[in-house]
Amino acid sequence: MPTEITLRLQINGEQVRRIIPANRSLLDFIREDLRLTGSKHGCDVGDCGACTVLVDGAPQLACITLAAECEGAAIRTIEGVTDGGGLHPIQEALHRHVGAQCGYCTPGIVMAMTSLLEADPHPSDSAINEALGSNICRCTGYTKILAAVREVARPGSPS
Amino acid sequence: MLPFPKFSYEAPGTLDELFTLASVSGSRIVAGGTDLLPSLKHRLFQDTLLISLRRLRELRGVTIEGGALVIGANTTLRDVARDDRVAAGWPALRDACRTIATSTIQAMGTLGGNVMLDTRCLYYNQPDGWRASIGGCLKADGSVCHVAPNGAGCYAAHSADTVPALWLYGAILRFGSERGIREVALADLYGTDGRTWLGNARDEVLLAIVVPKAPAGSVVHRKLRARGAIDYGMLLTAVHRRPDGSGAAVVSALGPRPVFVEAERVEDLAAAAHKAATPMRTHAYGVGWRKHMVRVEVERALAGS
């Protein structure tokens with residue numbers, strides 16, 4: 001039975017092929033093997049959402065995903081949330097509303113909100129709340145994060 | 001940091017390969033893994049081979065066969081919850097899926113994984129160092145049950161959110177192994193000891209959940225938890241209000257096996273559930289309060305039915 005596997009996947013548009021241990025988490029693969037350290041290591045057991053990345057467009061917790069399970073998948077991390085060097089509208093709005101304080105949860109929140117807005121560009125408040133329920137922030141109290149997401153979801157309306 | 005233990009990994013491409021691998025001692029199926037992988041980090045299992053279902057397309061998706069819903073075991077909870085046919089015909093199943101953990105976990109976890117979910121307990125679902133500090137427990141590493149030191153077994157609580165609703169909908173579980181296909185009523189799967197709560201043979205793999213056409217009347221699901229997201233339930237309740245004035249309820253998170261009660265008059269259902277429920281110290285909330293809440297949750301569910 002193989003304890004090492006050959007993994008092929010796409011990360012932020014780039015094709016990657018590596019031989020990895022079967023017990024490598026997707027988060028360790030991204031952070032340690034690919035040196036993309038934007039995705040954060042928080043609770044390590046799938047509670048906090050700091051490691052959220054998009055796998056084929058769906059949000060996933062990289063700390064409790066086996067890298068092996070992502071064979072052939074297209075993965076997007078915070079480093080690839082925009083094509084160029086600029087900020088994503090969610091990042092800009094978080095910046096404007098001071099929706100990041102210590103910043104540790106921010107990459108996971110940006111990825112979760114990116115997935116939400118790509119599926120539905122104008123989500124209701126309850127849909128935003130439900131999606132944000134996946135990510136723990138211990139600094140902001142969420143008010144400023146909610147204001148930022150609402151601004152992107154419904155430009156021009158009071159947040 | 002909580003590293004994974006060492007294990008090998010296979011992703012079979014056919015059901016025959018799957019059944020052969022599942023017969024290997026020390027193997028375990030990954031169907032989402034949102035509970036299994038944290039548990040491996042906590043050293044709750046000693047499996048040496050993980051078997052992925054990801055290449056088996058026939059185990060993913062929702063179909064209708066003769067009026068029954070057939071859900072592949074590896075279908076994500078999100079895909080079940082978003083299916084219009086599920087919402088129209090079996091709304092309590094959709095509601096149950098939508099209360100599981102968080103929306104991200106619903107996009108990862110699967111219905112099969114939920115039906116086969118490990119039982120849970122305050123003294124069991126802890127990192128190995130924490131458990132070592134109390135000498136382990138009956139379900140892992142130790143010989144004493146801290147919930148009931150003088151009891152006869154393990155009382156870890158059945159915590160699968162979708163099971164009470166699936167039970168009242170009369171769900172059938174389709175298992176496969178090298179010996180063939182076998183169907184079991186979901187209501188007959190679960191046993192009374194938290195270590196051996198699943199009645200299937202070790203090499204039998206859950207392939208599909210078959211939910212017959214919903215019974216007449218209305219089925220409603222409720223979940224009692226501390227926060228509006230993430231938490232496992234303190235109580236999981238489903239009720240069935242039948243057109244003839246009778247009713248049935250399944251209440252879970254009380255012990256290894258969900259509790260089923262019926263009442264000829266639906267007005268008596270909450271009292272019947274309250275009488276049958278014996279919460280244990282498996283959760284960080286008082287047993288007296290949780291027993292009281294059985295009555296309240298059944299009443300609330302009936303009010304919504």
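None of the values given here were measured: they were computed from a predicted structure. Here is the naming used below: chain letters follow the sequence lines, and residue numbers restart at 1 for every chain.
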Point to revise | Heavy-atom closest contact (A:Gly133 atom, B:Ala229 atom, distance) | key: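 Heavy atoms only, the tightest pair is O-CB, 3.7 Å.
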Practice item. Would you mind checking which part of A:Ile136 comes under 4.5 Å of any heavy atom in chain B, side chain (CB onward), backbone (N, CA, C, O), both or neither? Key: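 Side chain only.
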For [X], is it the side chain, the backbone, both, or neither that has a heavy atom closer than 4.5 Å to a heavy atom of chain A?
| X | value |
| --- | --- |
| B:Leu2 | both |
| B:Lys41 | side chain |
| B:Leu40 | neither |
| B:Leu21 | side chain |
| B:Arg78 | side chain |

Check your understanding: Around atom CZ of B:Arg57, are there more than 12 heavy atoms of other residues, nucleotides or ligands at under 6.0 Å?
Key ->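 No, CZ of B:Arg57 has 12 or fewer neighbouring heavy atoms, counting only those of other groups under 6.0 Å.
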Check your understanding: Is it the case that more than 12 heavy atoms not belonging to A:Arg138 sit under 6.0 Å from its CZ atom?
Key ->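 No.
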Exercise for review: Take A:Glu71 and B:Arg54 through the side-chain contact (heavy atoms from CB on, under 4.5 Å) test and state the conclusion after the steps.
Suggested key: CA-CA 9 Å; A:Glu71 168 71 27; B:Arg54 70 175 167 83; 3.5 Å; yes
Name every donor-acceptor pair, under 3.5 Å, that has one atom in a side chain of residues 47-65 of chain A and the other anywhere in the protein, sequence neighbours excluded.
residue, atom, partner, partner atom, Å
A:Thr52, OG1, A:Gly49, O, 2.6
A:Asp56, OD1, A:Ala74, N, 2.9
A:Gln60, OE1, A:Thr65, OG1, 3.4
A:Thr65, OG1, A:Leu61, O, 2.8

Practice item. For B:Ile134, enumerate each residue passing the side-chain contact (heavy atoms from CB on, under 4.5 Å) test, keeping only those at least two apart in sequence or located in another chain. Key: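 B:Ile134: side-chain contact (heavy atoms from CB on, under 4.5 Å) contacts with B:Tyr123, B:Trp130, B:His146.
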Check your understanding: chain B contacts: which residues in residues 8-34 of chain A have a non-hydrogen atom closer than 4.5 Å to it?
Key ->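 The list, in residue order, reads A:Ala22, A:Asn23, A:Ser25, A:Asp28.
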Check your understanding: Quick one: CD1 on A:Ile5 to OH on B:Tyr9, what's the gap to the nearest 0.5 Å?
Key ->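 One gets 6.5 Å once the value is rounded to the nearest 0.5 Å.
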Practice item. Please answer whether the main-chain N or O of B:Met1 pairs with a side-chain N or O of A:Asp44 as donor and acceptor at a distance below 3.5 Å. Key: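 A pair under 3.5 Å: no.
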Check your understanding: If you measure from the Lys or Arg side-chain nitrogens to the Asp or Glu carboxylate oxygens, is any gap between B:Arg98 and A:Glu130 under 4.0 Å?
Key ->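 Looking at A:Glu130 together with B:Arg98, the answer is yes, because their closest N to O distance falls below 4.0 Å.
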Check your understanding: Listed by residue number, which members of residues 105-117 of chain B have a heavy atom under 4.5 Å from any heavy atom of chain A?
Key ->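 B:Ile105, B:Ala107, B:Met108, listed by number.
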Check your understanding: Would A:Ser134 and B:Ser103 count as a side chain to side chain donor-acceptor pair (under 3.5 Å) if you check the C-alpha gap in whole Å, the side-chain angles of each, and the deciding distance to 0.1 Å?
Key -> CA-CA 6 Å; A:Ser134 299; B:Ser103 56; 3.0 Å; yes
